[in-house]
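As the structure lists them, so they are numbered: ligands from 1, and atoms in each ligand from 1.
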Amino acid sequence: MLYQEQVMSIIVVTPDTSTADLWLPDLHSTAVNCPLTQLQEQLDQHAPDVIVATGCDQTHIDLFASLHNRFSIEERPAIVLFSDDIPNEYCLALVDAVLPRTNHPMVPYQIQQAVERKSQMAVMQMRIAALEEANRELQRKQTARQRTADEIETLKYSIVRNVTHELNTPLLQVKSAVALIAEEIDHNSLVEYALRATTRLEAVVKNITQLAASLNDMSNSPLIVRECIDSALRDLRRTWEYKDHIARIQVDIEPNLPLAHGDRQGISAVIQQLIDNALKFSKKDVHVRAQRQDDHIKISVQDYGIGIPKDQIEHIFESFYQVDSSSRRRYSGTGVGLANVRLILDRHGIDIVVESEQGKGSIFYFLLPTVNSTRVSI
Ligand code: ADP
């Protein structure tokens, strides 16, 4: 701050005279604003007590240095420099060379301010550098964390895949052995118990297998809907539990459907799961339909079974959710089937719709996009 009572006259030198207005109120009315080009002229007429120079560059420095020879120590104006471009040492050197030796009242204060500002900027720059380094460190940690997450994900995939493989083979062996025993020993409660337990185990392994399949990378390619439905039915036929119920499935596929777009294995798994549930939760026929709807193929699975209460519909896609967990005994299951369905369809960017009425049955459907203008007879 300049103290007016201590100042006789001031010249403010700015690269652009309009910015001097920012200084003038502080410097008060004694300050004269002038561009560098006119400074020489001003000095010829009158030597001020103080020259305040903002936005200094080499031209300023040269000119101020020349004042050293031109004015005697007593007459020489105090020069206060403000610049972001001139290094601190340079300012101080210039101060030594140009400033009057006399103890001008404002000089120490203004110089101190200019130097302080410089050192504050240096501190700020150090802080910015420290912050930038901390930020880089954070990014390094985040990358490392992401790498760990990727590794865990890979590990999860391989565990699920290996476990599935290791479970399926012995299960098949146990299943065949129990089936043979059951054929030989009729109505033996222990054998029936073994049969039921194997059936439950088979359902669990099937769920894990489907989960493993849906964790696989999906290949989004053209597919024939009929093939997906056939593949789902083939897998269901292999499931012991529904062997006697396959006849209840009615398939209705519109002729000449175009190719659809999606992951064949994933879509088959979805259809299989929906039919599986429909068979489980109903005793009547189950309808599987595929029909064209604009640029999509609507695939639906309808049953006329127990239905789902309205307030439960939004929950049935959650992992391990069962509308009536006590029904677990009546209807075997793990509660991951529909979570799997949603996971697969989510990865396709497709929604699944459920319409259901308690005691009357349910319909689950989704729309698979068609491969535009490709028509095949299926
Ligand atoms: P679960 O292995 O128990 O069948 P899901 O995830 O396939 O697991 O289904 C979750 C729950 O949603 C089931 O336990 C059942 O209560 C309900 N549900 C699913 N499909 C049907 C259906 N077609 N009819 C009635 N309830 C159903």
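Here the side chain of T370 pairs a donor or acceptor atom with the backbone of D295 at under 3.5 angstrom.
Interatomic distance, R347 CZ to N220 CG, rounded to the nearest 0.5 Å: 10.5 Å.
Under 4.0 Å from ligand 1, not a single heavy atom of L274 appears. Contacts between I308 and ligand 1, counted as non-hydrogen atom pairs separated by less than 4.0 Å, involve the side chain only. In F317, neither the side chain nor the backbone holds a heavy atom less than 4.0 Å from any atom of ligand 1.
Taking every heavy atom of F364 and a limit of under 4.0 angstrom, the matching atoms of ligand 1 come to 20 (N), 23 (N). Within ligand 1, the atoms closer than 4.0 Å to a non-hydrogen atom of K280 are 1 (P), 2 (O), 4 (O), numbered from 1 in the order shown. Residue-ligand proximity, G307 to ligand 1, at heavy-atom distances under 4.0 Å covers atoms 25 (C). Every atom of ligand 1 with a heavy atom of Q273 under 4.0 Å away is listed here by number and element: 7 (O).
At a threshold of 4.5 Å between non-hydrogen side-chain atoms, the residues H287 and D252 do not count as touching. Side-chain contact between L368 and L223 is present, with at least one heavy-atom pair separated by less than 4.5 Å. Taking 4.5 Å as the limit, every side-chain heavy atom of D285 sits out of range of all side-chain heavy atoms of I249.
At a 3.5 angstrom cut-off on N or O pairs, L338 counts as close to ligand 1.
Residue I275 is tested with L233, D303, V270, D235 for a side-chain contact (heavy atoms from CB on, under 4.5 Å); the sole match is L233.
Contact record, A290 with I229: CB-CD1, 4.2 Å, taken as the closest heavy-atom pair.
Residue Q312 places every heavy atom at 4.0 Å or more from ligand 1. Proximity of S362 to ligand 1 is established by a heavy-atom distance of less than 4.0 Å.
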